[in-house]
Amino acid sequence: MKTLRYVGVAVLTIMLCVNFTACSDDNDEEKQPTTPPEETPAPPQEETPTTPATLAGTTWKITSSTDDGVFPGISLTFHEDKTVTTDSPDFTVGLTYEVKGNTLKIVWLWGGAYDEYMEGPLTIEGNTATYTFNWFNMDGSCNTIDDPRTITLQKQ
């Protein structure tokens with residue numbers, strides 16, 4: 001009887017070993033090549049898109065305007081030192097700019113009491129930009145709160 005019990009335990013042990021071996025996770029996966037793969041050429045780098053934050057060093061020509069004082073045909077060049085120059089003899093005033101997010105502020109330093117600024121969102125798509133703005137006095141009071149202006153610009 002004891003021998004029968006040992007034989008039974010031995011058979012059960014063998015069956016369990018076979019069962020665990022059959023359930024292993026050894027899935028004959030394809031072996032990875034030992035040679036390094038050929039390098040894939042890098043895709044051509046695209047030009048960095050212009051955003052309000054990257055205006056420095058760019059020139060834009062006004063193509064249309066809903067503001068009587070900002071004329072189509074004038075070019076604005078944004079410089080690294082946050083100044084703006086124009087190609088118009090009518091606008092020889094000091095111009096500066098600052099960018100916060102997608103908001104552009106251009107300050108017109110006419111001299112004294114006439115200083116003012118325009119501020120609003122600048123949207124750039126490719127080589128075209130749309131600037132919707134209000135005019136403000138330097139004290140922050142808005143001159144065009146109910147009548148925002150829009151200019152369209154073309155990158156030069």
Side-chain angles (χ1 to χ4, degrees), residues 16 18-156:
L16 286 175
V18 170
N19 188 26
F20 284 131
T21 303
C23 293
S24 75
D25 63 344
D26 184 16
N27 297 332
D28 297 327
E29 295 179 15
E30 287 186 30
K31 293 183 179 180
Q32 297 296 326
T34 56
T35 57
E38 292 182 26
E39 289 187 28
T40 306
Q45 290 192 354
E46 296 179 16
E47 183 179 319
T48 303
T50 304
T51 65
T54 61
L55 282 175
T58 61
T59 299
W60 297 80
K61 185 174 217 160
I62 298 172
T63 57
S64 68
S65 175
T66 62
D67 188 292
D68 294 340
V70 181
F71 309 111
I74 295 173
S75 291
L76 303 172
T77 301
F78 296 86
H79 301 281
E80 295 283 341
D81 64 356
K82 302 296 184 192
T83 59
V84 181
T85 55
T86 72
D87 61 355
S88 171
D90 296 329
F91 297 116
T92 56
V93 299
L95 294 168
T96 62
Y97 75 98
E98 62 183 68
V99 176
K100 290 181 183 170
N102 73 330
T103 301
L104 174 63
K105 177 179 180 179
I106 300 176
V107 179
W108 298 72
L109 301 173
W110 298 101
Y114 298 105
D115 292 349
E116 58 190 344
Y117 63 93
M118 53 203 304
E119 184 173 40
L122 176 68
T123 305
I124 301 173
E125 292 181 16
N127 289 332
T128 303
T130 303
Y131 183 36
T132 304
F133 61 92
N134 283 301
W135 282 106
F136 294 88
N137 294 320
M138 292 308 281
D139 65 4
S141 61
C142 183
N143 296 333
T144 58
I145 193 77
D146 295 326
D147 188 21
R149 314 300 166 89
T150 301
I151 59 176
T152 305
L153 304 115
Q154 186 69 36
K155 189 174 182 181
Q156 301 297 294

Would you say that [X] contacts [Y] through its side chain, given a criterion of any heavy-atom pair below 4.5 Å between the two side chains?
X: M138; Y: V107; result: yes
X: T123; Y: E125; result: yes
X: W60; Y: L55; result: yes
X: N127; Y: Q154; result: yes
X: I106; Y: L95; result: yes

For this session: Just do the side chain to side chain contact (heavy atoms under 4.5 Å, CB included) check on F133 and L104 with the steps written out, would you?
Result: CA-CA 9 Å; F133 61 92; L104 174 63; over 6 Å; no
Exercise. Is the side chain of Y117 donor-acceptor paired with the backbone N or O of Y97 at a distance under 3.5 Å, no angle test?
Worked result: no
Exercise. Got a donor-acceptor contact below 3.5 angstrom from the S65 side chain to the V70 backbone?
Worked result: yes
Can you measure from [atom1] ([X]) to [atom2] ([Y]) and round to the nearest 0.5 angstrom?
X: D139; Y: D115; atom1: CG; atom2: CG; value: 11.5 Å
X: W135; Y: C142; atom1: CH2; atom2: SG; value: 11.5 Å
X: T128; Y: L153; atom1: OG1; atom2: CG; value: 9.0 Å
X: Q156; Y: T77; atom1: CD; atom2: OG1; value: 9.0 Å
X: L122; Y: T103; atom1: CG; atom2: OG1; value: 9.0 Å
X: I62; Y: I151; atom1: CD1; atom2: CD1; value: 4.5 Å

Exercise. Any chance NZ of K105 has more than 12 other-residue heavy atoms, nucleotides or ligands included, within less than 6.0 Å?
Worked result: yes
Seminar exercise, completed: Smallest heavy-atom separation, G73 atom then K61 atom, equals O-CE, 3.3 Å
Problem set entry | Nearest non-hydrogen partners of V84 and T96, listed with the distance | CG2-C, 4.2 Å
Exercise. What pairs with D87 under salt bridge (Lys or Arg N to Asp or Glu O under 4.0 Å), at least two apart in sequence or on another chain?
Worked result: none
For this session: Check the side chains of D81 and T83 for a donor-acceptor pair under 3.5 angstrom, ignoring hydrogens and angles.
Result: yes
For this session: Return yes if a side-chain donor-acceptor contact under 3.5 Å exists between T152 and S64, otherwise no.
Result: yes
